[in-house]
Amino acid sequence: MEISALHRNTRPEGELLPQEAAAFSLLEALGIDYDRVSSEPADTMEKCAAVSGVLGVPICKNLFLCNRQKTQFYLLCMSPGKPFHTKDLSRQIGSARLSFAPEEFLWDLLHCTPGSATVLGLANDSAHQVRLLMEREVYEAEYLSCHPCICTSSLKLRTTDILEKFLPYTGHAVTVVDL
């Protein structure tokens, strides 16, 4: 898989998709520094592992989940090597059994495509329909790595910038979970 060199606070060259341009614009407006690499679509954890090596930090596994009735939605940011057990997570957050949310909800609520789910997509959730869940290890890490709403770029961000600048801007709170 081809991966570009590391770029500091620089958008990819060429025309960006609207959701990608919006993510970079918001990072810039909020004064959030980032390192970026571009690659072929890193839409699986195996492909993300190669990108992680260049960024120097593991890319979060981001799961877009919902309850059985598809009335409550969750974005779970977790370490890439951790197993995911719906029963354990459901109990922690007081929700009915969770499953993966349908693709159309991922687009409608976060403006992300499959393989591109990201905490940055919460900027598109102005109605606050998505609850952010962060695994404790991700929450406590110095850096967080994610996609800018498209999986052909990957970013390394300070976790404190996400928690103290980005989330207050979007109006989303974080629920820390143990997996």
Side-chain angles (χ1 to χ4, degrees), residues 19 23 26-27 30 32 34 42-49 51-52 55-151 154-179:
Q19 70 270 26
L26 184 55
L27 291 174
L30 294 175
I32 296 177
Y34 59 90
D43 54 359
T44 66
M45 291 314 298
E46 293 76 24
K47 293 176 183 176
C48 287
V51 173
S52 294
L55 284 174
V57 62
I59 295 178
C60 285
K61 183 189 299 186
N62 293 292
L63 304 179
F64 188 58
L65 307 167
C66 66
N67 63 355
R68 189 176 318 216
Q69 299 81 11
K70 298 179 182 77
T71 57
Q72 296 177 327
F73 299 91
Y74 306 89
L75 179 65
L76 172 62
C77 301
M78 60 186 285
S79 301
K82 289 265 177 118
F84 171 63
H85 303 289
T86 60
K87 182 180 172 186
D88 297 337
L89 181 61
S90 295
R91 185 173 38 249
Q92 284 186 62
I93 63 172
S95 175
R97 190 162 181 93
L98 300 171
S99 62
F100 291 101
E103 288 179 22
E104 62 268 15
F105 287 102
L106 177 60
W107 179 257
D108 291 345
L109 297 174
L110 299 181
H111 296 195
C112 296
T113 56
S116 298
T118 174
V119 67
L120 299 180
L122 293 172
N124 299 309
D125 179 32
S126 58
H128 300 99
Q129 293 179 271
V130 180
R131 181 175 168 191
L132 175 62
L133 310 174
M134 250 188 213
E135 183 234 333
R136 185 170 308 280
E137 190 174 314
V138 171
Y139 179 82
E140 293 176 349
E142 182 176 1
Y143 292 99
L144 178 140
S145 183
C146 62
H147 301 304
C149 299
I150 189 72
C151 61
S154 301
L155 307 176
K156 176 182 174 182
L157 309 155
R158 289 196 171 280
T159 306
T160 54
D161 283 342
I162 294 296
L163 299 173
E164 297 171 7
K165 294 178 182 178
F166 180 79
L167 292 177
Y169 174 82
T170 68
H172 288 82
V174 63
T175 300
V176 179
V177 296
D178 294 299
L179 302 177

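For E140, the side chain to side chain donor-acceptor pair (under 3.5 Å) test picks out no residue, with sequence neighbours left out. Every residue two or more places apart in sequence or in another chain was checked for a side chain to side chain donor-acceptor pair (under 3.5 Å) with N124, and none qualifies.
Residues P80 and K61 approach most closely at O-CE, 3.4 Å, considering heavy atoms. The minimum heavy-atom distance linking L55 with K156 is given by the pair O-CD, 3.4 Å. Of all heavy-atom pairs spanning A42 and C48, the tightest one is O-SG, 3.4 Å. The two residues T170 and H128 come nearest to each other via the heavy atoms O-NE2, 2.7 Å. Shown here for N67 and S95, the closest heavy-atom pair between the two residues is CB-OG, 4.1 Å. The nearest pair of heavy atoms linking F166 to V119 is CE2-O, 3.3 Å.
For the atom pair CG (L27) and CG (L155), the distance works out to 6.5 Å, reported to the nearest 0.5 Å. Summarising the geometry, atom OG1 belonging to T71 is positioned 10.5 Å from atom CD belonging to Q129; distances are rounded to the nearest 0.5 Å. In this structure, OG1 on T86 lies 10.0 Å from CZ on R91, to the nearest 0.5 angstrom. If you take OG1 on T175 and OH on Y139, they are separated by 10.5 Å, rounding to the nearest 0.5 Å. How far OG1 of T113 is from CG of L110: 11.0 Å, rounded to the nearest 0.5 Å. Interatomic distance, R158 CZ to L163 CG, rounded to the nearest 0.5 Å: 12.5 Å.
Evaluation of the ring pair (Phe, Tyr, Trp, His ring centres under 6.0 Å) test over residues 87-127, restricted to residues two or more places apart or in two chains, returns F73-F105, W107-H111.
Using a 4.5 Å cut-off on side-chain heavy atoms (C-beta onward), Y169 and L26 make contact. The shortest distance between side-chain heavy atoms of S79 and V138 falls below 4.5 Å. By the 4.5 Å heavy-atom criterion applied to side chains, M78 and C60 are not counted as neighbours. Side-chain contact between L75 and R131 is absent, with no heavy atoms from C-beta onward closer than 4.5 Å.
Under the 3.5 Å distance criterion, the side-chain polar atoms of N62 are matched with a main-chain donor or acceptor of A117. Of the possible donor and acceptor atoms, none in the side chain of H85 sits under 3.5 Å from a partner among the backbone N and O of P83. A donor-acceptor pair under 3.5 Å links the side-chain atoms of T118 to the main chain of L120, judged by distance alone. A distance-only check finds a donor-acceptor pair linking the side chain of S52 to the backbone of I59 [under 3.5 Å]. Within the 3.5 Å criterion, the main-chain N or O of L179 finds no donor-acceptor partner in the side chain of E135. Remark: side-chain polar atoms of S116 are not paired, donor with acceptor, to backbone N or O of C112 under 3.5 angstrom. Not one N or O on the side chain of D161 forms a donor-acceptor pair closer than 3.5 Å with the backbone of K165.
In this model, a donor atom of one side chain and an acceptor atom of the other lie less than 3.5 Å apart for H147 and S154. Judged purely by distance below 3.5 Å, without hydrogens or angles, the side chains of Y74 and Q72 pair a donor atom with an acceptor atom.
More than 12 heavy atoms of other residues, nucleotides or ligands lie within 6.0 Å of CZ in F84, so this atom counts as buried by the packing criterion. Heavy atoms of other residues, nucleotides or ligands lying less than 6.0 angstrom from CD of Q92 number more than 12. Residue R68 places its CZ atom among 12 or fewer non-hydrogen atoms of other residues, nucleotides or ligands, all under 6.0 Å distant.
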### Query
Yes or no on side-chain contact (heavy atoms from CB on, under 4.5 Å) for T159 and E142, after CA distance, side-chain angles and deciding distance?
CA-CA 6 Å; T159 306; E142 182 176 1; 5.8 Å; no
### Query
Are L76 and V177 close enough, and set up right, to give a side-chain contact (heavy atoms from CB on, under 4.5 Å), and what steps lead you there?
CA-CA 9 Å; L76 172 62; V177 296; 4.0 Å; yes
#### Entry: D43 vs K47, side-chain contact (heavy atoms from CB on, under 4.5 Å): CA-CA, chis, key distance, verdict
CA-CA 7 Å; D43 54 359; K47 293 176 183 176; 3.2 Å; yes
### Task
Just do the side-chain contact (heavy atoms from CB on, under 4.5 Å) check on H172 and D125 with the steps written out, would you?
CA-CA 9 Å; H172 288 82; D125 179 32; 2.8 Å; yes
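Salt bridge present: E137 and K82 bring a charged side-chain N and a carboxylate O closer than 4.0 Å.
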